[in-house]
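Note on naming: letters A, B, ... go to the chains in the order of the sequence lines (proteins, then strands), and numbering restarts at 1 for each one.
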Amino acid sequence: MALTQADVARIAHLARIEITAQEASRTLAQLNDIFALIERMQALDTAGIEPMAHPLGGAQRVREDAVTEPDVREAALRNAPASQEGLFLVPRVIE
Amino acid sequence: MSALHHASLGQLSRLLARREVSAEALARLYLDRMAAHGDLNAFLDVRPEVTLAQARAADARIAAGEAGPLTGLPIAHKDIFVTRDFASTAGSRMLAGYMSPFDATVVERLAAAGMVTLGKLNCDEFAMGSSNENSAYGNVLNPWDRQAVPGGSSGGSSAAVAARIAPVATATDTGGSIREPAAFTGVTGVKPTYGRPSRWGMIAFASSLDTAGLITLSAEDAALVLGAMTGFDPRDSTSVQRPPEDYTRELHTPVKGLRVGVPKEFFGTGLQPDVEAAVRAALAQFVALGATLVELSLPNAELGIPVYYVVAPAECSSNLSRFDGVRYGHRAARYADLADMVKKSRTEGLGAEPKRRILVGTYVLSHGYYDAYYLKAQRVRRLIAEDFARAFEHCDLIAGPVTTSVAFDFGDKAADPTAMYLSDLYTIPGSLAGIPSMSIPCGFGAKGRPVGLQLMANHFHEARMLGAAHQYQLATDWHTRVPAGF
Amino acid sequence: MQWELVIGLETHAQLSTVSKIFSGAATAFGASPNTQASVVDLALPGVLPVLNRGAVERAIRFGLAVGATINRRSIFARKNYFYPDLPKGYQISQYEIPVVQGGGLSIRTDAGEKLVRLTRAHLEEDAGKSLHEDFAGMSGIDLNRAGTPLLEIVSEPDLRSAAEAVAYARTLHALVRWIGICDGNMQEGSFRCDANVSVRPLGSTTLGTRCEIKNLNSFRFLEQAICFEAARQIELIEDGGAVIQETRLYDPERDQTRAMRSKEDAQDYRYFPDPDLLPLEIADDWIETVRAALPELPEAMRERFKTEHGLPDQDAAALTASRELADYFTALVAELPGEAKLAANWLMGEVSARLNRADIGIEAAPVPAPALAGLLRRVKDGTLSGKMAKEVFEAMWAGEGEADHIIAARGLQQISDSGELERIIDAVLAANGKSVEEFRAGKDKAFNALVGQAMKATRGKANPAQVNEILKRKLAD
């Protein structure tokens with residue numbers, strides 16, 4: 001199967017990445033090359049094989065319910081593109 | 001003093017302990033070498049005042065008799081690890097000047113052992129790449145040949161160690177990002193078992209694969225540092241709860257009787273003859289040392305690349321969503337509204353390769369494709385891991401090439417992502433299985449460029465792997481070769 | 001045409017842990033912006049989540065309380081979408097395999113009792129807040145709430161009216177507080193509902209197209225939003241239009257719902273298992289430990305109040321509406337053996353009215369159960385009339401001390417000396433000759449007037465039963 005320009009536009013929007021008209025055909029070609037590589041795995045029969053999400057398996061560890069984290073606001077806001085009164089500022093949010 | 005930068009970590013440690021050299025003098029030596037070889041572009045952030053302060057603190061510890069074996073030894077960190085005292089950019093424009101309020105666990109542990117940070121090392125953006133050409137801050141040059149790539153993504157780490165401008169460097173490996181650059185620059189690169197080193201403070205690329213490791217001049221040096229670097233970390237849910245271990249414990253175990261598996265899939269048509277010749281010679285050396293070779297098959301290993309290019313992009317597409325220009329990182333100067341700000345900030349801040357992988361990952365996770373790609377890849381991943389599990393029933397280590405060819409030239413593969421992806425053919429399967437593996441220098445190929453031998457072991461068998469590598473390095477001198485001018 | 005509403009609720013209950021679900025930051029409400037947003041909650045580069053045991057434990061408690069299955073293995077997944085108050089660009093939630101599956105909740109409305117089936121309950125993290133005050137045309141982002149543990153409780157579309165939806169939400173609200181997993185504070189957003197509303201012709205068995213109304217944080221808004229939305233959908237269909245599946249917001253000021261602009265995009269959340277978290281495995285012994293610590297549940301307690309104290313069902317239901325009320329009642333009857341009905345009447349009557357007026361819960365009442373028992377003992381032994389008891393109760397509420405102390409201080413003993421009472425009644429009869437005549441002429445109402453006059457003459461201190469008895473006797477003479 002091959003991706004279409006519409007697929008690329010859809011996933012680019014989902015991923016919040018802009019692709020200019022000039023880039024579009026090159027991006028599409030590259031993605032289709034990559035998917036040609038990926039498609040090789042489709043030939044293998046994997047019926048009944050449990051998907052492997054983690055290399056080592058095991059179960060989630062839980063931590064005790066306790067407050068252990070310090071306030072890092074000052075340090076965090078130093079990296080912020082825009083901030084005021086302890087808040088990160090962004091262009092107006094519309095719900 | 002001039003030969004100090006060729007000394008092993010063990011030798012430097014003894015000199016420091018006997019106070020024949022101070023940590024400060026050692027730090028100055030490497031800072032000077034770094035400045036002298038600035039054209040390699042290995043470092044992204046250097047702050048001599050920070051380094052020297054750490055060195056003086058190490059000297060004070062040594063003077064007070066509170067030093068450990070690593071106290072005062074200099075180390076440089078790949079810019080994937082966040083640090084309080086140096087900017088942390090992951091090689092991306094997105095994070096230009098970003099200052100982390102905390103240190104990565106790996107950095108913290110090594111600092112606690114008294115190691116002195118020389119600075120932050122260049123790398124492919126978000127550790128995505130095999131040539132270091134994807135760094136937003138320019139190419140790192142290969143000290144052996146400035147036309148050649150230093151490998152990636154840990155290209156700054158490999159070049160710095162190869163050029164002896166850092167005696168040891170941290171690095172990270174997701175699909176080969178420690179082993180391939182180590183092979184391309186003739187140094188030793190170790191990727192431990194997934195989950196053994198903490199991922200806390202490692203800027204995430206693909207969470208189920210990312211593994212911290214080391215680039216050193218020898219297996220012995222790596223064994224010395226690895227113990228301090230790894231260990232259980234309660235901040236990382238995938239960190240393994242096992243007691244700490246001494247990775248030097250098998251350095252002196254003879255190779256005699258060692259069963260070395262040789263997978264036929266690693267010697268297929270893509271393998272260049274110069275690399276094959278060097279690797280075969282290395283296998284012969286193991287036989288000469290008393291090891292036996294076991295022919296074996298990893299039938300699904302060749303599907304590693306398709307699996308990897310589903311799993312890693314899927315995870316990265318999600319991991320890199322936090323770079324939205326809201327709380328830190330690049331924010332576009334001009335935008336129409338909130339959605340446009342996010343989109344433009346990401347588009348400007350992220351380079352071509354991360355964007356490409358984000359698009360691939362977004363697609364494979366999107367509605368209607370998840371089962372066909374993501375779940376399928378995870379199933380094949382299990383089959384690949386099972387291949388290794390079966391193989392280790394018949395051998396102690398697996399050996400083979402790290403790469404199909406020696407280091408390629410800048411620009412050779414930069415325009416063709418899939419050609420670049422194939423660079424990781426032999427390293428990806430071990431990453432998918434989460435097993436420890438390493439690259440050690442084993443000769444030279446075309447244009448006098450280094451060749452690496454890959455050793456792989458079963459989960460948590462790092463000590464055995466390092467021991468075999470050390471025995472090989474006792475018998476050979478490839479790892480002591482120095483590129484001209486360094 | 002007759003229409004039927006079909007409603008399912010998704011309720012977000014904020015779990016009452018002290019720290020966040022994946023970080024060690026505090027969850028306390030009202031802190032200065034971003035001071036409780038740890039490096040994990042801010043999604044700084046390099047951070048990782050670690051699961052809070054307390055959140056899991058509360059989910060198990062809920063599952064056991066609603067008779068659900070606790071999945072021995074559940075998976076945390078990433079729900080990917082961009083929003084400025086979602087720092088990672090994904091929310092950690094549970095998708096394919098939630099921690100709690102199935103179960104049900106019994107609700108009561110005027111139409112009777114009904115079992116509402118639950119689909120599931122899963123653990124997830126909350127997002128931050130966007131503040132829309134004007135910052136030179138920009139919005140402010142406060143991430144203190146980001147990472148707060150939530151249990152999202154999803155009902156089957158079993159509800160058929162706004163009243164049922166409210167009854168379900170109230171019952172659920174009482175339950176999560178009862179079992180101590182959520183403080184239920186709706187003003188602070190600790191308990192909020194999303195309502196999935198559709199309509200269909202009465203008798204139809206297929207589902208209509210639904211709209212989801214987000215973030216309803218009061219029972220009143222829940223009811224109003226459903227009523228408005230159902231009317232909107234019905235009108236739309238009756239006018240020949242069709243309902244579009246969408247996410248809407250309720251605007252209480254205008255009493256209407258509107259489509260959410262931020263949800264206009266076709267959503268594709270790209271769920272996948274979070275590679276930073278391993279499967280959550282819950283061993284049987286953990287479940288049993290939680291089960292052993294579970295309090296008696298409201299349903300069971302209601303039945304026990306009926307059998308143990310002989311209370312009518314309605315009383316038992318009212319007294320088990322909240323854990324605090326039930327606990328108060330239990331403490332009260334412990335002091336007043338055999339007087340459960342008296343205790344219940346007081347709690348549901350005078351006490352409850354007084355609490356409403358003060359707008360506080362029973363746990364904050366200034367009259368504790370043993371003190372109220374002291375008052376009711378004086379009612380029971382005839383020292384106080386009902387009216388006097390109310391006066392004493394008011395004084396107790398105002399902090400004037402124990403019942404007996406107030407009775408003595410105010411001279412409030414009922415006149416129980418029958419000799420004195422007979423003299424007063426004789427005087428009343430003498431002064432109200434007209435009423436006496438009317439009564440004897442067959443006007444029963446006149447009797448009540450005489451009782452009233454007698455009570456007035458005693459300034460309310462007479463025992464009404466005794467007054468009745470004496471009056472009847474004297475009039476029969």
Side-chain angles (χ1 to χ4, degrees), chain A residues 3-19 31 34-35 38 41 46 49-95, chain C residues 17-20 23-28 32-42 44 50-57 73 75-76 80-85 89 130-132 135-143 214 249 260-263 265-266 268 270 272-273 275 277-281:
Chain A
L3 277 72
T4 62
Q5 286 293 5
D7 290 326
V8 176
R10 180 177 59 85
I11 56 177
H13 177 64
L14 276 175
R16 299 295 186 273
I17 286 172
E18 264 179 2
I19 297 176
L31 293 183
I34 295 168
F35 275 93
I38 290 171
M41 72 178 181
T46 53
I49 306 294
E50 176 77 5
M52 179 172 160
H54 291 280
L56 294 175
Q60 178 60 35
R61 190 159 31 80
V62 288
R63 42 166 261 274
E64 290 309 311
D65 178 23
V67 176
T68 53
E69 290 288 329
D71 171 11
V72 292
R73 180 170 83 178
E74 205 180 310
L77 291 179
R78 275 201 293 272
N79 284 310
S83 66
Q84 193 180 318
E85 293 169 33
L87 299 161
F88 298 98
L89 293 192
V90 294
R92 186 173 287 284
V93 177
I94 297 160
E95 285 186 331
Chain C
T17 53
V18 298
S19 66
K20 293 186 178 173
S23 88
T27 53
S32 183
N34 291 310
T35 54
Q36 286 180 177
S38 72
V39 295
V40 174
D41 310 312
L42 292 164
L44 297 191
V50 183
L51 182 60
N52 183 340
R53 163 188 276 275
V56 180
E57 200 260 354
R73 188 170 190 275
I75 305 289
F76 286 98
N80 293 282
Y81 65 98
F82 284 91
Y83 206 67
D85 65 14
S130 306
L131 303 171
H132 306 299
F135 296 97
M138 300 181 94
S139 293
I141 304 293
D142 174 10
L143 296 172
K214 282 268 179 208
L249 272 185
M260 274 179 90
R261 284 186 55 189
S262 56
K263 302 277 181 179
D265 281 351
D268 185 344
R270 289 157 286 137
F272 75 110
L277 293 163
L278 295 162
L280 171 61
E281 288 181 5

(message) Within the supplied structure, the quantity of interest is the number of heavy atoms (other residues, nucleotides, ligands) at a distance under 6.0 Å from E74(A) CD; does it exceed 12?
(response) no

(message) Between S130(C) and chain A, with a heavy-atom cut-off of 4.5 Å, which part of the residue counts as in contact: side chain, backbone, both or neither?
(response) side chain

(message) Given heavy-atom pairs under 4.5 angstrom as the criterion, report whether the side chain, backbone, both or neither of L143(C) touches chain A.
(response) side chain

(request) Return the option, out of R10(A), R61(A), H54(A), E64(A), with the maximum number of heavy-atom pairs under 4.5 Å with chain C. (result) H54(A)

(request) Tell me, for A37(C) versus chain A, whether the close heavy atoms (under 4.5 Å) come from the side chain, the backbone, both or neither. (result) backbone

(message) As an exercise: rank V56(C), L280(C), L277(C), T27(C) by heavy-atom pairs under 4.5 Å with chain A and give me the winner.
(response) L277(C)

(request) Report yes if the side chains of R73(A) and S32(C) come closer than 4.5 Å at any heavy-atom pair, otherwise no. (result) yes

(request) Go through R63(A), Q60(A), E85(A), Q84(A) and name the one with the most non-hydrogen pairs under 4.5 angstrom from chain C. (result) R63(A)

(message) Quick check for you: to the nearest 0.5 Å, what is the distance between L87(A) atom CG and F135(C) atom CZ?
(response) 5.0 Å

(request) Can you tell which part of A15(A) gets under 4.5 Å to a heavy atom of chain C, answering side chain, backbone, both or neither? (result) backbone

(request) For S139(C) and H132(C), work out which heavy atoms get closest and say how close. (result) OG-ND1, 3.7 Å

(request) Please look at L131(C) and chain A and tell me whether the side chain, the backbone, both or neither of the residue comes under 4.5 angstrom of a heavy atom of that chain. (result) side chain

(message) Is P279(C) in contact with chain A via its backbone, its side chain, both, or neither, using a 4.5 Å heavy-atom distance?
(response) both

(request) List the atom of F82(C), the atom of L14(A), and the distance in Å for their closest heavy-atom pair. (result) CE1-O, 3.4 Å

(request) Nearest 0.5 Å please: distance from the CD1 atom of I11(A) over to the CG atom of D268(C). (result) 10.5 Å

(request) Please round to the nearest 0.5 Å and tell me the distance separating atom OH of Y83(C) and atom CD1 of I141(C). (result) 8.0 Å

